[in-house]
2 protein chains.
Amino acid sequence: MAQTKPYPGTQAVLRAVSLLKVFTDQRPEWGLTELTQEVGLNKTTTFRLLTALESEGMITRNNQSDAYQLGPAIVMLGGRALRSNDLRSISRPELKALVASVGETASLELLTGHEMLILDEISGGHVMSGGQTIGTRWPAYATSTGKVMLASLDWDEVESILPQPLAAITPKTITSMDMLHRALDQVRVQGFAVVDEELEMGLRAVAAPLYDFDGDVAGVISLAGPTLRLTDQRLPAITELVLSAARRISVQLGAQPD
Amino acid sequence: MAQTKPYPGTQAVLRAVSLLKVFTDQRPEWGLTELTQEVGLNKTTTFRLLTALESEGMITRNNQSDAYQLGPAIVMLGGRALRSNDLRSISRPELKALVASVGETASLELLTGHEMLILDEISGGHVMSGGQTIGTRWPAYATSTGKVMLASLDWDEVESILPQPLAAITPKTITSMDMLHRALDQVRVQGFAVVDEELEMGLRAVAAPLYDFDGDVAGVISLAGPTLRLTDQRLPAITELVLSAARRISVQLGAQPD
DNA sequence: GCCGAGGTTTCATAATATGAAACGTAATTT
DNA sequence: AAATTACGTTTCATATTATGAAACCTCGGC
């Protein structure tokens, strides 16, 4: 499904990784036979790969149902990946400051494939234990952060990345490539992106790009909240806050302040 | 380091995973040659494995130094793994093992507001149908689990959370904020907390923290029983059991084994 | 303009991963 | 209770696939 580069001598590894990726939030547990069908491998091969992954803790078996699921080693590596990400540690204080002054939810995201990956999220509510959504992904074309990232690419690259047709997630979702093209142009001019109920009814978000030392977009931050609270009146001020937070982060990433 | 079972036909996968595990908090970035030496593989092999992992997003290259580091796919999988394994089902087998070896009551708890919420409880007696107390709450300042959770917070946060004055539940309850402050300091140093008749006369308990991938305290487990049976003699050994159970759970939550 | 230290590619070789089929074993049906 | 099915596991001969030595780039330092 996601063949990027066929490199020789790596079949087993690619297959093993594709097995891992089958475990989603919707379907976190699998039987061997199901997995075999899903990835289209021989049952023996699937079994062998799983056994290897299991011996390393990348896969565990729910000891009641003996179904396969992702294991502790994955969680451990995920934590390391997050902590070693300096983008995250640099951005975090700024995200916290944003949340403190606006009172909504701020996040740091990256484009992976055609989806936005949540690297960090500071919740505005009084819910402890953030991090529940870290690692989640959303379609790029229907998010504020996604629009920012897509706007940093050439249009033909955007076309090749996005799975078409664009599915309508809400009645307001942008579903025509033409409209998306124009929307991205606007993002480029403005320097930020807004999403208004395109991903979820009643949800608004503003996103601004983070630039690294050579002017590339290294990530995006956003502030999201209910339309009821992110009113038209407040939006300009909030946008300015998000933009200035993004600029401060960018400076720390080595970007030249315009 | 962690060779469990040498299963035939999985060399490449095992090698790939061992590569991933080399990326630690202490050393999150590696060059090809360094990696080669570290894992003891041929340079070509290492390169090929890394390329495969990179094509799947499991590894990225820091575009300034082109050093290898853990990639976004790992973050994504880590999030999924975390969300599919809840605290309770991970902890339960360890709680059961504790009860089996000590013979008292073990529990899993969380801080909610200023009280400890019992998420799970395995009864040591012959009382059938555990779970009677699940959902119950106890004041944090008078429980072993509560002390552990409070010790993970800043002192001013503790002050703002706790309703003052601290009510004396038994003659031994800590009722002065000063004494509590010192008690929490001790907990931080020790890495565990003990309650001795502060919640109920004749009741002792030992609690140890569970750490998640981020190093945050994700919950607490405890072992509680009558002072008559949890004697001074037995306490050190029991404490060690609780601590090691907590460590094993933490590993499954993605914590780094110290 | 040369040197050296990475990273990358080539290619012949055999070791390794592969899949068909057979085997256990537990759950479900008759 | 016997028979059937579904699922996980093991075996084994085969050639596909991973392997590593060596040659080859490419860049930064001298």
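No hydrogens, no waters, no symmetry mates; every other heavy atom, side chains included, goes into these values. Within every chain, numbering begins at 1; the chains are lettered A, B, ... in the order of the sequence lines, protein sequences first and strands thereafter.
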May I ask you to verify whether the side chain of [X] and the base of [N] hold a donor-acceptor pair under 3.5 Å?
X: A:Thr44; N: C:dA20; result: yes
X: A:Lys43; N: C:dG19; result: no
X: B:Thr45; N: D:dA18; result: no

Looking only at the side chains, is there a donor atom on one of B:Arg137 and B:Thr112 sitting less than 3.5 Å from an acceptor on the other?
yes
To the nearest Å, how far apart are [X] [atom1] and [N] [atom2]?
X: A:Arg15; N: D:dA18; atom1: CZ; atom2: C1'; value: 13 Å
X: A:Leu14; N: D:dT16; atom1: CG; atom2: P; value: 19 Å
X: A:Arg48; N: D:dA18; atom1: CZ; atom2: P; value: 12 Å
X: B:Phe47; N: C:dG6; atom1: CZ; atom2: C1'; value: 12 Å

Between A:Thr33 and D:dG8, does any side-chain N or O lie under 4.0 Å from OP1 or OP2?
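For A:Thr33, the contact criterion (side-chain N or O under 4.0 Å from OP1 or OP2 of D:dG8) is met.
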D:dT17 OP1/OP2 closer than 4.0 Å to side-chain N/O of B:Gln11:
no
For the pair A:Lys21 and A:Glu38, find out whether any cationic side-chain nitrogen is under 4.0 Å from an anionic carboxylate oxygen.
no
May I ask you to decide whether A:Asp185 forms a salt bridge with A:Arg182, counting only side-chain N to carboxylate O separations under 4.0 Å?
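No, no charged N to carboxylate O under 4.0 Å.
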Ring-plane angle category for A:His181 and A:Trp155, please: parallel below 30°, perpendicular beyond 60°, tilted otherwise.
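Parallel, since the angle between the ring planes stays under 30°.
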Take the C1' atoms of the five end pairs on each side of the helix from C:dT16-D:dA15 to C:dT30-D:dA1, get both axes, and report the angle to 10 degrees.
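The two end axes of the helix from C:dT16-D:dA15 to C:dT30-D:dA1 meet at 10°.
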So which nucleotide from D:dT9, D:dC7, D:dG20 ends up closest to the side chain of A:Tyr68?
D:dT9
Can you tell me how far the CD atom of B:Glu121 sits from the CG atom of B:Leu95, to the nearest 0.5 Å?
9.5 Å
Most 5' of A:Val13 and A:Glu34 on DNA chain D, judged by nearest nucleotide
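This one resolves to A:Glu34.
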